[in-house]
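The next block holds one structure in the form of structure tokens; read it before the comments.
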Amino acid sequence: MAEAHKKGFNDKLVWNDLVNCCRSEAACGQCHNEECIIGFAKQCIKEYQNEPKKEVPNGVERIPTMDCKVFEETDLEIAIAHILKECKDCKEDHVENCIINVIRNCYEIGLFGDMQPYGGNTLQYVMRLKSKFPERSQEIAAEYMN
């Protein structure tokens, strides 16, 4: 059984970021819910709000990686910076299905086209992003430091 998130998790901040990233039914024609990376992340937050758990069961495996919608890059950069602030830098205790990791992976698919390795350390993550995506990582780092 997944343990409750002990250090707190600002689900309202994450929810607001998801709403900002969502293209809306007007742009998509209809909501695709869990078939959309943002819709899937919203569902994770709703489940968390109903029963706060650190882990999303099979979360990474359930992310709709084939979602090819184009999202606003600036909104995704801000959302990644915010979710990094929620991360507890668990290092060797990092769990792939942690709700923070799952939601960050959703944002990464929208911004970079694929999930990026994390490993439980925000600084190392940002440095890896800097080598692969210099422009994007600069925006994320600036927002993170803000």
Side-chain angles (χ1 to χ4, degrees), residues 2-24 28 31-146:
E3 67 181 88
H5 215 301
K6 292 181 177 149
K7 294 185 180 180
F9 175 60
N10 189 345
D11 57 308
K12 289 169 185 45
L13 171 70
V14 176
W15 178 262
N16 288 337
D17 284 339
L18 289 166
V19 169
N20 288 337
C21 291
C22 181
R23 296 190 56 214
S24 79
C28 294
C31 183
H32 296 279
N33 300 310
E34 290 186 25
E35 294 176 21
C36 164
I37 55 172
I38 300 302
F40 176 75
K42 282 181 169 180
Q43 184 60 39
C44 291
I45 292 296
K46 288 177 188 175
E47 290 171 9
Y48 176 86
Q49 290 170 333
N50 287 333
E51 188 177 353
K53 302 281 184 178
K54 178 182 176 183
E55 293 182 43
V56 176
N58 301 315
V60 173
E61 297 159 14
R62 294 176 29 222
I63 295 172
T65 57
M66 300 309 286
D67 184 9
C68 297
K69 284 191 280 318
V70 176
F71 295 91
E72 183 61 45
E73 291 178 352
T74 302
D75 293 336
L76 290 169
E77 291 165 353
I78 291 168
I80 289 173
H82 287 171
I83 202 79
L84 289 174
K85 288 181 182 182
E86 292 301 306
C87 182
K88 309 308 177 212
D89 275 330
C90 52
K91 298 176 180 48
E92 63 275 350
D93 293 328
H94 173 70
V95 176
E96 286 296 308
N97 288 319
C98 168
I99 189 167
I100 294 167
N101 192 68
V102 170
I103 292 170
R104 193 194 66 258
N105 286 164
C106 290
Y107 294 146
E108 292 166 345
I109 292 167
L111 187 60
F112 306 121
D114 202 2
M115 293 183 267
Q116 302 301 308
Y118 181 70
N121 185 298
T122 302
L123 180 59
Q124 288 177 347
Y125 171 80
V126 173
M127 296 306 287
R128 272 193 299 275
L129 287 184
K130 185 178 179 182
S131 68
K132 290 177 79 173
F133 309 99
E135 203 172 290
R136 297 282 153 243
S137 67
Q138 183 176 8
E139 299 300 324
I140 292 167
E143 182 65 31
Y144 179 78
M145 299 303 287
N146 194 5

Worksheet item: Yes or no on side-chain contact (heavy atoms from CB on, under 4.5 Å) for N10 and E86, after CA distance, side-chain angles and deciding distance?
Response: CA-CA 7 Å; N10 189 345; E86 292 301 306; 3.5 Å; yes

Quick one: does [X]'s side chain have a donor or acceptor within less than 3.5 Å of a partner on [Y]'s backbone?
| X | Y | answer |
| --- | --- | --- |
| D75 | D17 | no |
| N105 | M115 | no |
| N58 | E61 | no |
| R104 | L84 | no |

Closest contact, heavy atoms only, [X] versus [Y]:
| X | Y | value |
| --- | --- | --- |
| E35 | P64 | O-CB, 3.4 Å |
| E108 | Q116 | OE1-N, 2.8 Å |
| F71 | G110 | CD1-CA, 4.2 Å |
| C28 | R23 | SG-CB, 3.9 Å |
| Y118 | R128 | O-NH2, 2.6 Å |
| C44 | V102 | SG-CG1, 4.2 Å |

Pairwise distance [atom1]([X]) to [atom2]([Y]) - rounded to 0.5 angstrom:
| X | Y | atom1 | atom2 | result |
| --- | --- | --- | --- | --- |
| L111 | F133 | CG | CZ | 8.0 Å |
| K88 | T122 | NZ | OG1 | 10.0 Å |
| I38 | S24 | CD1 | OG | 12.5 Å |
| I37 | C22 | CD1 | SG | 10.5 Å |
| I100 | K85 | CD1 | NZ | 14.0 Å |
| I80 | C21 | CD1 | SG | 8.5 Å |

Item to complete: Report the C-alpha distance between Y144 and V126 in whole Å, list the side-chain angles of each, state the deciding distance to 0.1 Å, and finish with yes or no for side-chain contact (heavy atoms from CB on, under 4.5 Å).
Response: CA-CA 10 Å; Y144 179 78; V126 173; 5.8 Å; no

Discussion item. Apply side-chain contact (heavy atoms from CB on, under 4.5 Å) to residues N33 and F40 and explain how you reach the verdict.
Written reply: CA-CA 6 Å; N33 300 310; F40 176 75; over 6 Å; no

Practice prompt. Report yes if the side chains of I78 and N20 come closer than 4.5 Å at any heavy-atom pair, otherwise no.
Written response: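 SC-SC contact between I78 and N20 ruled out.
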
Worksheet item: Should V95 and N101 count as side-chain neighbours, where that means a heavy-atom distance under 4.5 Å?
Response: no

Worksheet item: If you count the non-hydrogen atoms of other residues, nucleotides and ligands that lie under 6.0 Å from NZ in K91, is the total more than 12?
Response: yes

Worksheet item: Do E96 and H94 have a side chain donor and acceptor closer than 3.5 Å?
Response: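 Present: a donor and an acceptor within the cut-off.
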
Worksheet item: Would you say the side-chain atoms of N50 and E47 include a donor-acceptor pair closer than 3.5 Å?
Response: no

Practice prompt. Can you label the angle between the Y48 ring and the F9 ring as parallel, tilted or perpendicular, going by 30° and 60°?
Written response: perpendicular

Worksheet entry | Geometric cation-pi criterion, R136 with F112: 6.0 Å, 45° | no

Practice prompt. Test I45 against I103 for side-chain contact (heavy atoms from CB on, under 4.5 Å), laying out the working first.
Written response: CA-CA 9 Å; I45 292 296; I103 292 170; 3.4 Å; yes

